[in-house]
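First the proteins, then the strands, lettered A, B, ... as listed; each starts at 1. Keep in mind that the numbers below use all heavy atoms, side chains included, and drop hydrogens, waters and symmetry copies.
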Amino acid sequence: MKILIIEDEIELLIAISNFLIKGAYVCELAESFAKADEKISIYEYDLILLDIGLPDGNGLELLKNIKKRQLNTGVIIISAKNSLDDKIGGLDLGADDYLTKPFQLSELNSRIRAVLRRRKFDGTNVLKFNEISINTESKTVSINGTDITFTKKEYDLLLFFMVNKNRVLTKEAIAEHIWEDNIDLANSFDFIYTHLNNIRRKIKAANGNDYIKTLYGMGYKFSEK
Amino acid sequence: MKFLTKINRPFLISLTTILFMVSIAGYFVLQIVILDETKESLLEKEYFIIKQIEESGKPINIPPIIEVKEIDSLSLKSPAFTKIYVNDELEDEQVLFLEYSNQLKIKDSCYSIKLRQASYESEDLILMLSLGLFVLLFAAFGISFFITKKINKTIWAEFENNLREIENFSFTGNQKLQLIKSDIEEFDRLNAVVKNLTEKLETDYISLREFTENASHEIQTPISIVLLNLEELLQHDLTEEAFRKIVSSINAIKRLSNLNQSLIMLTKIENEQFNADKTLAINEIVKSKILEYESLFESKSIKVEFVCDQIFKIKMNEQLADVMIGNLLSNAVNHNFKGGNIQISIREKELMICNTGEANSFNTANIFNRFVKGNSRSFGLGLALVKKICDTHKLEIEYRKNDLHCFIIQQKS
């Protein structure tokens with residue numbers, strides 16, 4: 001999977017690419033409009049992460065160029081501006097998603113995987129982890145081949161865990177993923193316990209293993225052991 | 001008071017005063033002039049009567065106008081004018097006459113001459129003339145008043161137009177200020193001053209706007225770097241202490257970022273950078289928000305009652321409407337207790353959100369101020385944002401505390 005990261009802040013660029021390389025992606029980097037434009041005209045990418053606040057040009061212009069040349073490339077806009085106009089503008093121009101800085105890598109990962117699934121680069125709609133499999137098209141969960149009914153939030157939560165398996169996720173990161181920034185998070189952690197307990201209960205009832213580990217009461221990790 | 005009214009009113013008042021004063025003065029002047037004329041004509045008649053007596057020796061008598069009598073001796077020293085009432089045989093009433101009486105010696109005989117002229121005719125004439133004067137002046141003044149008014153209107157039309165232009169001008173709109181050039185020096189000077197001022201303000205406004213946006217960008221980027229690095233650190237095998245410290249750092253940096261975003265939003269609202277471009281039904285937004293927050297309500301076992309008999313429609317920015325209702329709802333959850341409830345009711349031009357909660361969790365006086373917190377862990381910007389959004393959309397927000405904590409938003413009419 002080949003990803004082009006366009007971001008003018010070098011440290012951010014390196015942090016993102018290090019993370020993605022660990023996830024077995026092939027990354028190319030561009031820190032300016034000119035460089036990005038050149039790369040787009042030569043190579044083909046499965047996904048482009050595009051910071052629209054570039055010093056030498058408007059990222060939305062770049063998006064137009066991308067869509068002209070590579071119709072099948074997924075694009076996720078990264079912006080420092082939490083602006084609805086920019087978001088709508090970007091999505092209208094053909095971007096798949098819009099992520100506001102600052103974001104967490106687990107959230108970025110989840111968005112990237114969603115775009116790749118939607119654009120069928122993953123080849124399959126089914127996400128598997130041992131006995132648990134999630135069909136992202138029909139939005140169903142099955143354990144040991146049996147379909148289990150999950151509520152929408154439970155499904156979102158489990159998918160987030162599976163996409164970010166072996167990663168430590170803080171309660172805040174989980175809450176934010178579920179709520180998409182819309183909420184004053186101060187008192188909204190209780191519901192994570194509730195949902196997690198429901199998920200654990202449902203998986204256990206279907207003879208599945210509990211892969212969700214609690215870390216010092218502050219975070220969770222979905223992993224084999 | 002409008003400028004033209006201010007000019008026209010004293011003009012009208014002085015014209016009316018002048019009109020009446022001139023008419024009244026005219027009446028008296030005419031009276032004096034006509035009395036003089038009458039006296040002169042009586043004296044002229046006397047001259048002809050004397051001449052007639054000298055020639056024929058016989059006096060004429062046409063009472064009551066001319067009465068000439070032979071008398072024995074002269075008793076009157078000098079001729080005199082008097083006003084007397086004489087019985088008018090035609091109309092059988094007392095009529096005022098001007099009487100001239102004289103005694104003369106003509107060819108050795110003494111005569112007493114009395115000449116009279118009715119003065120009611122001249123009274124009528126005076127009145128008619130005064131009235132005529134009044135009507136003429138009235139017409140002249142009236143016409144000049146309307147002409148001045150018309151001229152004023154055309155002269156001030158450009159000013160009016162420019163004033164309207166300035167009133168409707170907004171920095172957020174894309175239109176430039178278009179002032180009409182007139183041929184009046186003072187107006188053109190005013191236009192130049194206004195134009196200079198707005199251009200200066202506009203550049204200031206744009207640079208402020210750019211500053212806020214740039215500041216946001218500049219702050220969010222280092223925050224992103226810190227956050228990503230901390231998140232990567234978290235993936236290592238850590239002791240509990242290290243783990244806790246990193247998580248608390250992540251949360252602190254996230255709070256900083258949210259605070260920054262809220263402040264930027266407040267500034268953007270203050271700068272009117274959100275356009276109220278759509279007519280929204282508050283009912284729909286509330287409905288979708290309730291759905292969105294469902295599991296949040298569940299987690300605190302909060303019961304939500306939603307009553308909407310009428311539709312509350314308003315021209316508003318969609319993002320802001322979303323923030324406004326979202327903040328009010330999360331406020332109602334955050335300050336609620338487990339198993340409490342939230343009551344939402346919508347009427348035409350009114351939205352009311354009430355929740356159960358501890359008695360003294362809010363200070364009524366400064367509840368909408370920035371950084372005023374109840375007992376939650378929030379920044380205290382949520383309600384300040386709601387208030388600001390209300391202010392910019394002609395909405396009135398009120399906090400009432402009885403058994404429940406209620407926020408009422410009403411559209412000002």
Should we say atom [atom1] of [X] is surrounded by more than 12 heavy atoms from elsewhere, each under 6.0 Å from it?
X         : atom1 : answer
Glu305(B) : CD    : yes
Phe211(B) : CZ    : no
Lys128(A) : NZ    : no
Lys202(A) : NZ    : yes

Check: Gln104(A) and Lys254(B) side chains under 4.5 Å, non-hydrogen atoms: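 They are in side-chain contact.
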Quick one: [atom1] on [X] to [atom2] on [Y], what's the gap to the nearest 0.5 Å?
X         : Y         : atom1 : atom2 : value
Ile88(A)  : Glu318(B) : CD1   : CD    : 7.0 Å
Leu227(B) : Glu107(A) : CG    : CD    : 11.5 Å
Leu108(A) : Leu228(B) : CG    : CG    : 8.5 Å
Ile78(A)  : Thr221(B) : CD1   : OG1   : 10.5 Å

task: Evaluate the side-chain contact (heavy atoms from CB on, under 4.5 Å) criterion for residues Leu215(A) and Phe243(B): first the C-alpha distance (whole Å), next the side-chain angles of each, then the deciding distance (0.1 Å), finally the verdict.
output: CA-CA 9 Å; Leu215(A) 298 167; Phe243(B) 190 89; 3.8 Å; yes
field: For Glu231(B) against Leu105(A), the heavy-atom pair lying closest together
entry: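 For Glu231(B) versus Leu105(A), the nearest heavy atoms are OE1-N, 2.5 Å.
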- request: For Arg244(B) and Met218(A), indicate whether the former's side chain and the latter's backbone hold a donor-acceptor pair under 3.5 Å.
  value: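 Flag not set: sc Arg244(B) to bb Met218(A) has no pair under 3.5 Å.
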- request: Side chain from CB out, backbone as N, CA, C, O: work out which of these in Ile250(B) comes under 4.5 Å of a heavy atom of chain A, or both, or neither.
  value: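 Just its side chain gets close to chain A.
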- prompt: Side chain, backbone, both or neither: which part of Ser301(B) has an atom under 4.5 Å from a heavy atom of chain A?
  reply: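 For Ser301(B), there is no contact with chain A at all, as no heavy atom is under 4.5 Å.
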task: Using side chain to side chain donor-acceptor pair (under 3.5 Å) as the criterion, list what pairs up with Thr356(B), not counting sequence neighbours.
output: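 Scan of Thr356(B) (side chain to side chain donor-acceptor pair (under 3.5 Å), adjacent residues dropped) gives Asn336(B).
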task: Under 4.5 Å heavy-atom distance to chain B, tell me which part of Ser79(A) shows up: side chain, backbone, both or neither.
output: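 For Ser79(A), no heavy atom lies under 4.5 Å from chain B.
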Side-chain donor-acceptor pairs of residues 3-12 of chain A under 3.5 Å, sequence neighbours excluded:
| residue | atom | partner | partner atom | Å |
| --- | --- | --- | --- | --- |
| Glu7(A) | OE1 | Lys101(A) | NZ | 3.3 |
| Glu7(A) | OE2 | Glu9(A) | N | 3.0 |
| Glu7(A) | OE2 | Lys101(A) | NZ | 3.4 |

query: If you tally heavy-atom pairs under 4.5 Å against chain A, which of Asn251(B), Asn317(B), Ile264(B) wins?
result: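 The residue among Asn251(B), Asn317(B), Ile264(B) with the greatest pair count is Asn251(B).
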Heavy-atom contacts under 4.5 Å, residues 156-169 of chain A to chain B: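 Listed by number, the contacting residues are Asn166(A), Arg167(A), Val168(A).
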Pair up each side-chain donor or acceptor in residues 21-33 of chain A with any protein partner under 3.5 Å, not counting sequence neighbours, and list the distances.
| residue | atom | partner | partner atom | Å |
| --- | --- | --- | --- | --- |
| Lys22(A) | NZ | Glu232(B) | OE1 | 2.7 |
| Glu28(A) | OE1 | Lys39(A) | NZ | 2.9 |
| Glu28(A) | OE1 | Tyr45(A) | OH | 3.2 |
| Ser32(A) | OG | Lys35(A) | N | 3.2 |

